[in-house]
Amino acid sequence: MSGPPEILTSILGALPADVQLGTAPLPHLAPSDSTRPYVTLTFAQSIDAKIAGAGGRQLIISGEESMKMTHWMRTMHDGILIGIGTAVNDNPQLNVRHLPFPAQNTHFQHYHHPRPLILDPHLRLSPTCKLVINAAKGAGVAPWVISARPPKIDGFFASEDDGERLQRWETRRDALQAAGVTVILVEPETIHPDLPPVTSNLPLPAVLRILQEKGIRSIMVEGGARIIRSFLSATSGHLVDALIVTTAPILVGSEGVGYGEGLEQVPGLRYITTELVGRDTVVGLKLTS
């Protein structure tokens, strides 16, 4: 595969003719909501709609050709977003190593690599994970971790270990920052300043807004299951512009992890195109209001 497959250019568009393939993000991607980046949600699934093995164990679902497609897609975006579960279970590199080897320079020097963006409310990302190590070696883009400082709760809802919890969080933050990671804070959702957060999930609209403020114009969201559900079922307006789903001809079984359970707020979809990429079927859709 010497360039992006047609399905990507059909849905996302292409670089200007004078720009070499894969060397820059697409400049024209514009979201339906001007307060956030353009969001492409993409994932690979089995024919029984599983995206991971038991307990979130990583599975190689995509075939070789559709994996290359995914790496071309990465070059088209400013950032690539995953949840901390995927970061911990898979220890991914989020690079474009499956693209054709350039005639000069390394993959990292030749191709555009998106900024890794990790949703990590409790700062569980290891300072020695592949994302951090690759960046330290000059072979990757340093990740940004989006988190929330543990709140200080007073009064009836206060806990004896609140101070220790904050201290542990600050220790993990300092270790990540010392390793070259940027930690970005968002405010957790609460119903009253004196009450604990209503959920450990980070508020996605606030996450996307602050990323746009920091210059991220387009994001490729790769999962895992919890992140996919959160983006598809957002109650505060649609957060996804394009949906690209790869289905591989394999079965995982009932112990595999899917993304449909709890998906109550189903968005409207507009079919764009389908393409056979190697052994896998790839479907492209746009989300409607």
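All values derive from a computational prediction rather than experimental measurement. In this chain, numbering begins with 1 at the start of the sequence shown.
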Side-chain ion pair, Lys214 and Asp78, N-O less than 4.0 Å: no

Side-chain ion pair, Lys50 and Glu255, N-O less than 4.0 Å: no

So, for [X] and [Y], which heavy atoms are closest and what is the spacing to 0.1 Å?
| X | Y | answer |
| --- | --- | --- |
| Ile219 | Pro37 | CD1-CG, 3.8 Å |
| Gly284 | Ile11 | CA-CD1, 3.2 Å |
| Ala142 | Pro116 | O-CD, 4.2 Å |
| His238 | Thr288 | NE2-O, 2.8 Å |
| Trp72 | Thr75 | O-OG1, 2.6 Å |

State, yes or no, whether a side-chain contact exists between [X] and [Y] at a heavy-atom distance under 4.5 Å.
| X | Y | result |
| --- | --- | --- |
| Leu176 | Arg173 | no |
| Tyr38 | Leu26 | no |
| Thr42 | Leu243 | no |

Taking atom types as modelled and ignoring hydrogens, do the side chains of Asn201 and Arg226 form a donor-acceptor contact shorter than 3.5 angstrom? yes

For residues His77 and Thr40, is any side-chain donor paired with an opposing acceptor at under 3.5 Å?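 Distance-only check passes for His77 and Thr40.
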
Is Gln212 reaching over with its side chain to a backbone N or O of Ser34, donor-acceptor style, under 3.5 angstrom?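 Here the side-chain-to-backbone pair exists.
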
